[in-house]
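Below is one structure; the comments refer to it alone.
Scope of the values below: all heavy atoms of this structure, side chains included, with no hydrogens, waters or symmetry mates. Residues: numbered from 1 along the sequence shown.
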Amino acid sequence: MEASFELTLQMVIAVAAGIGAQVVAEYLKVPSIVFLLLFGILLGADGIGLLHPHSLGPGLEVIVALSTAVILFEGGFNLELRELGKVSGSLRNLVTIGTAITLIGAGMAAHWLSEFPWTIAFLYASLVVVTGPTVISPLLKLVKVERQVATLLEGEGVLIDPVGAILAVVILDTILNGETDPIRAISGLILRLGIGGGIGAIGGLLFGLMFKRANFLSDELKNLVVLAGVWGLFTLAQLVRSESGLMATVVAGIVLRASSVPEERLLRRFKGQLTILGVSVLFILLSADLSLASILALGWGSLFTVLVLMFVIRPLNVGVCTWNSDLNWRQKLFLCWIAPRGIVSASVASLFSIFLTERGINGGDSIKALVFLTIILTVVCQGLTAGWIASWLQITSKEATGAVIVGCNPLSVLIARLLQERGEPVVMIDTDPVAAQQAETENIRVIVRSALDKGVLEEAELTSVGTFLAMTNNGEVNFVLAQRAAEEFNPPRVLAVFPRNPEANNTTGKAKVQQAFIADLPLKTWNEYLKDGRVKLGTTTLSDREFSFQQAHLQALMRTKEIVPLFLEREDRFTIASATEEWQPGDRIIYILHDPRPNLLKRLSGDRNATRLNVEKLSKVEEVPIPPL
């Protein structure tokens, strides 16, 4: 009973520490692996000594295997094939030629600088050819870079993980069995990749059929069926050919994503939560078992080995693999800098250390220490500076312009026209052909189909625009559309018109879906105003001296629904206004003002162009009632 409680205590500490590290990282906006490594080392033998992963015995290997299977499946499931097609040549080169360059370069560096024997040096090199989605994906969520760059980094991280793990196993087999036949080693690598890929493809197709036809299963149970299936595919592939299971899980995820299954959003969320849990527990356990003395014992040569890997081998890798690509030098430079190692390197290195020690072969602890040194340096240096580097290179997605607007009505068409007049690309989506005609008369591109169809959003090129705006007459539909757009395409700005407080209903976290314009916008009313010509289009600039009075005056007009801010211009950036926007001195606001004069009065007064709104300064807004001192 005491032994079982001890194991329970170890797992509880690992889970609590892992989730705690995730919370701290989320709060500080830094890659979670930094705090996972820190917490693990502090709780391990070189810290306060609360965690003893070796006490789990063979259970640690089971946890590593099953968690890695889920992590790689989730990585494959998140890959977008349409986006991969745009960078397929560079991605193929990174997974093939890039792997060879890193393997040879890292092996030579480890031999000459760290003074490892050639066999141990290349075993280390095989462990660091991988980058890993567990580090790349969270990093890209914090650092919003251009879609093409993000897709290439994510694709490399997911696809190279099983290749690197299998390559490492082939080299380990060579060391343990003394076989040096290169043809046999290469054939073993190809055979494992082929078997794993075949089993994974069949499994992914079966998952897709289950989602589409097993209507008697609840969504929650379908998610659990997929989890059981992933572990089943992993185990089956391992039985057929050892170490082919990782490839099976990656391919199963890719095939299932390509099947366009219903309720894909729920499955992605479920698998994402499992991945966070798996990564958290694994990193805590593996880093707690790390000996800092073994890292310090490596000497300066090992530090130079990692620096060569970061500053010589990675740039050479990217330069060769993207030579004939469409990537510009800024994008290539960012790819050169971002290559952090992750959980697959750590877990496989820990297992290999055990295997080599059991067989009486020296070098197991040194490999593990050098791999963790590589993880620490790459994650800390690259992870903490990625945002600054992306901003310096001007490749952040926040620079993206244009909008996809769902719903064709007088107000949305006005917004689209104003954006288009500034040279920004705009695509509108609506199921009503009659409503679409109004937008087409303004030379705005319209897709007459449902925005609930993911393919329609892809056709509208949502992946490359800066703003998604849902403003149909149905607030519930708007909110659902915005949620799906945020989760599946992750544009920099997601707005919707819906009659509720966005903070109370936003389940996507981090205020992903913002309420457009003002709280509780009466969209139908303003559309009627526009149809009747009872609005004016105005602009005002907030000054330093009168900022507080101007802001109070505008907010009072907004509360009485007399004006609606449409756009905010700040530092040459022109964005659609949100209900939670915090104004600053110098901001220029473009708004519509309710003008209650009837059309007849306007025509009698000589206003013949009531239907064509132009931006002007309006006295009702400009004349701010400032109390005397």
**Prompt:** Does the side chain of Ser302 pick up a donor-acceptor pair with the side chain of Ser114 at under 3.5 Å?
**Reply:** yes
**Heavy-atom closest pair, residues Val251 and Ala201** = CG1-N, 3.5 Å
**Asked** Say you draw a straight line from CD1 of Ile343 to OG of Ser67; how long is it, rounded to the nearest 0.5 Å?
**Response** 8.0 Å
**Thr305 (side chain) donor-acceptor with Gly301 (main chain) under 3.5 angstrom** = yes
**Request:** Enter the distance from Leu393:CG to Arg330:CZ here, rounded to the nearest 0.5 Å.
**Result:** 6.5 Å
**Asked** Under a 4.5 Å cut-off applied to non-hydrogen side-chain atoms, are Gln10 and Leu285 in contact?
**Response** no
**Message:** I'd like to know if Arg269 pairs up with Glu487 as an ion pair, taking the criterion as any Lys NZ or Arg NE/NH1/NH2 lying under 4.0 Å from an Asp or Glu carboxylate oxygen.
**Reply:** yes
**Asked** Looking only at atom types and distance, does a side-chain atom of Arg341 sit under 3.5 Å from a main-chain N or O of Thr378, one as donor and one as acceptor?
**Response** no
**Message:** Could you measure the distance from the CG atom of Asn317 to the CG atom of Leu94? Nearest 0.5 Å is fine.
**Reply:** 5.5 Å
**Request:** May I have the step-by-step check of ring pair (Phe, Tyr, Trp, His ring centres under 6.0 Å) for Phe311 and Trp337, ending in yes or no?
**Result:** CA-CA 8 Å; Phe311 294 104; Trp337 180 237; 5.7 Å; yes
**Prompt:** With a 3.5 Å cut-off and no angle check, do the side chains of Lys271 and Asn223 form a donor-acceptor pair?
**Reply:** no
**Item:** From Ile136 atom CD1 to Ile338 atom CD1, the distance as rounded to the nearest 0.5 Å
**Value:** 7.0 Å
**Message:** How long is the straight-line distance from CD1 of Ile389 back to CD of Gln382, given to the nearest 0.5 Å?
**Reply:** 10.0 Å
**Request:** Kindly assign one of parallel, tilted or perpendicular to the pair His54 and His52, based on the angle between their ring planes and the thresholds 30° and 60°.
**Result:** perpendicular
**Item:** Nearest heavy-atom neighbours spanning Leu277 and Val15
**Value:** CD1-CG1, 4.2 Å
**Asked** Given the rule in the side-chain contact (heavy atoms from CB on, under 4.5 Å) test, do Asp161 and Thr68 qualify, once you have shown the distances and angles that lead to the verdict?
**Response** CA-CA 10 Å; Asp161 263 5; Thr68 305; over 6 Å; no
**Item:** Student check: side-chain heavy atoms of Phe270 and Leu224 closer than 4.5 Å
**Value:** yes
**Message:** When you compare the side chain of Leu140 with that of Leu153, does any pair of heavy atoms fall below 4.5 Å?
**Reply:** yes
**Prompt:** Is atom CH2 of Trp118 surrounded by more than 12 heavy atoms (other residues, nucleotides or ligands) closer than 6.0 Å?
**Reply:** yes
**Message:** Minimum heavy-atom separation for Val281 and Ala14, please, with both atom names.
**Reply:** CG1-CB, 4.4 Å
**Message:** Under 3.5 Å, is there a donor on one side chain and an acceptor on the other for Tyr124 and Thr374?
**Reply:** yes
**Request:** List the atom of Gln22, the atom of Ser280, and the distance in Å for their closest heavy-atom pair.
**Result:** NE2-OG, 3.0 Å
**Request:** Please assess Ile254 against Phe77 for the test side-chain contact (heavy atoms from CB on, under 4.5 Å), listing each intermediate value before the final yes or no.
**Result:** CA-CA 5 Å; Ile254 295 174; Phe77 188 65; over 6 Å; no
**Message:** Using every non-hydrogen atom in the two residues, find where Gly204 and Val255 come nearest and quote the distance to one decimal.
**Reply:** C-CG1, 3.7 Å
**Message:** Under the criterion side-chain contact (heavy atoms from CB on, under 4.5 Å), I'd like the reasoning laid out for Leu189 against Leu167: C-alpha separation, chi angles, the key distance, then a yes or no.
**Reply:** CA-CA 6 Å; Leu189 174 64; Leu167 179 63; 4.3 Å; yes
**Prompt:** Between OG of Ser350 and CD of Glu61, what distance do you get to the nearest 0.5 Å?
**Reply:** 10.5 Å
**Asked** Between Leu356 and Leu172, is a side-chain contact (heavy atoms from CB on, under 4.5 Å) present by the stated rule, with each step listed?
**Response** CA-CA 9 Å; Leu356 292 174; Leu172 180 66; 3.8 Å; yes
**Arg314 and Glu156 ion-paired at < 4.0 Å** = yes
**Prompt:** Looking only at heavy atoms, which two atoms of Ile313 and Thr102 are closest? And how far apart?
**Reply:** CG2-CA, 3.8 Å
**Message:** Parallel, tilted or perpendicular, judged at 30° and 60°: which one describes the rings of Trp388 and Trp392?
**Reply:** parallel
